[in-house]
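Report on the structure given below.
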Amino acid sequence: MSANCVVHSQQQSTQSASRVLAAFVALAALASESPGVIAPLAFYAMLWMALAWRWRVAFRQALRQPLTLTPLLAVLAVGLPLSRMLDRWLAGAPDAFHWTISDFQLSASLFLRAFLALTLLALLVRATGWDALVRALRRFGLPLGVTLTLTQMERYRQNISAEWRRTMQARESRSPGGHRFALASFAGQVGLVFLRSWERSERVHSAMLARGFALEANLMASSSDVGVSPSGGAGPRWVWPAPLWLPLLAVGIRVASAALGGAIGGW
């Protein structure tokens with residue numbers, strides 16, 4: 001029974017690692033698209049939808065986190081066109097701050113690429129799970145210190161979100177009847193949340209040290225990532241990318257976009 005559990009755990013680990021590998025290759029294909037092209041991004045969006053269906057992830061739920069970052073992505077998307085406008089203004093060009101069609105295409109392509117990249121990462125996390133994702137990254141050779149840092153960052157992201165909800169509820173309970181937006185009040189709330197999070201991190205760190213935490217000890221314990229192969233022999237467990245269709249289709253879209261060039265790249 002224990003042998004079956006080990007084999008099942010190894011299969012889950014292989015599946016998680018293959019998903020991470022496939023998603024990263026597809027993400028690299030998306031990132032390699034030339035700035036200013038828009039039409040190929042629609043094919044990536046359809047590919048992500050097929051991926052959500054294949055991995056049995058609700059696509060609408062995966063869009064929640066990228067949608068919350070839409071204002072930030074929009075600000076970042078207009079940064080490069082504004083920088084080019086500033087360069088034209090410094091060069092003395094007339095109507096330097098006049099938006100052109102190429103500027104709009106550049107901003108739209110940057111926004112859509114960033115949005116699709118976040119959507120792919122959200123699909124990966126929802127399909128794989130955070131713990132399995134971290135173990136897969138460790139399996140690919142990411143240092144233990146980095147994976148531990150990622151784990152702690154995700155933990156404190158959840159803690160900060162919970163602390164923000166509590167302070168928001170306390171703020172609303174002290175102002176019955178509604179209140180208008182006050183920048184000073186929200187600034188104080190943000191400072192209070194991060195101060196409480198900092199104090200909690202110190203307490204958690206002290207508790208970890210009191211329980212004998214040491215990075216070297218965890219490094220020795222993580223040697224089970226190499227462990228025993230499914231055949232029973234010692235050595236590394238090689239990963240075969242099961243969802244190979246995802247990077248193949250993503251690379252196919254990228255090659256078609258580069259081959260057709262202006263035919264679809266300028267849409």
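- Atoms CG and CD, from Leu195 and Glu199 in turn, are 4.5 Å apart once rounded to the nearest 0.5 Å.
- Checked against side-chain hydrogen bond (donor to acceptor under 3.5 Å, both in side chains), Thr70 has no partners two or more places apart in sequence or in another chain.
- Side chains of Val78 and Leu110 form no contact here, defined as non-hydrogen atoms less than 4.5 Å apart.
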Subject >> Derivation and outcome, side chain to side chain contact (heavy atoms under 4.5 Å, CB included), residues Leu21 and Phe140 >> reply: CA-CA 9 Å; Leu21 180 61; Phe140 280 118; 3.8 Å; yes
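- Of all heavy-atom pairs spanning Leu41 and Arg113, the tightest one is CD2-CG, 3.7 Å.
- Cation-pi geometry between Arg126 and Trp55 is not met: the NZ or CZ atom fails to fall both under 6.0 Å from the ring centre and inside 45° of the normal.
- Residues Val134 and Arg138 are not in side-chain contact: their nearest non-hydrogen atoms beyond the backbone lie 4.5 Å or more apart.
- Not one N or O on the side chain of Thr128 forms a donor-acceptor pair closer than 3.5 Å with the backbone of Val125.
- Contact of the Phe59 side chain with the Leu123 side chain is registered, since non-hydrogen atoms from C-beta on lie closer than 4.5 Å.
- Residues Trp53 and Leu120 fall into different hydrophobic clusters, defined by Ile, Leu, Val, Met, Phe, Trp and Tyr side chains chained together at heavy-atom separations under 4.5 Å.
- When the shell of 6.0 Å around CE of Met46 is examined, it contains more than 12 heavy atoms from other residues, nucleotides or ligands.
- What you find for Trp48 and Ala26 is that their closest heavy atoms are CH2-CB, 4.0 Å.
- Panel note: side chain Ser83, backbone Gly79; no donor-acceptor pair is recorded below 3.5 Å.
- By the neighbour-count criterion of 12 heavy atoms within 6.0 Å, atom CZ of Arg54 is sparsely surrounded, having that number or fewer from other residues, nucleotides or ligands.
- A donor atom on one side chain and an acceptor atom on the other are found under 3.5 Å apart for Ser257 and Glu33.
- A side-chain donor-acceptor contact under 3.5 Å links Arg19 to the backbone of Ala127.
- Between Trp245 and Leu47 the shortest side-chain heavy-atom distance falls below 4.5 Å.
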**OP:** Decide yes or no on side chain to side chain contact (heavy atoms under 4.5 Å, CB included) for Leu137 and Phe24, but give the supporting numbers first.
**Re:** CA-CA 11 Å; Leu137 293 176; Phe24 281 4; 3.9 Å; yes
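- A distance of 11.5 Å separates OG in Ser34 from CG in Leu106, rounded to the nearest 0.5 Å.
- The distance from the CG atom of Leu121 to the CG atom of Leu27 is 5.5 Å, given to the nearest 0.5 Å.
- Around atom CG of Leu209, more than 12 heavy atoms belonging to other residues, nucleotides or ligands sit under 6.0 Å away.
- Thr119 and Pro66 make their closest contact through OG1-CG, 3.7 Å (heavy atoms, listed as atom of the first residue, atom of the second, distance).
- Take Arg254 and apply the side-chain hydrogen bond (donor to acceptor under 3.5 Å, both in side chains) test, not counting sequence neighbours, and it matches Ser32.
- Contacts of Arg165 classified as side-chain hydrogen bond (donor to acceptor under 3.5 Å, both in side chains), with partners at least two apart in sequence or in another chain: none.
- When side chains are defined from C-beta on, Phe111 does not count as touching Leu76, because their heavy atoms never get closer than 4.5 Å.
- Put simply, the side chain of Phe115 reaches to within 4.5 Å of the side chain of Leu63, judged on heavy atoms.
- Here the shortest heavy-atom pairing between Ser109 and Pro35 reads OG-C, 4.0 Å.
- Contact annotation: the side chain of Leu73 approaches that of Leu118 to within less than 4.5 Å [non-hydrogen atoms, C-beta and beyond].
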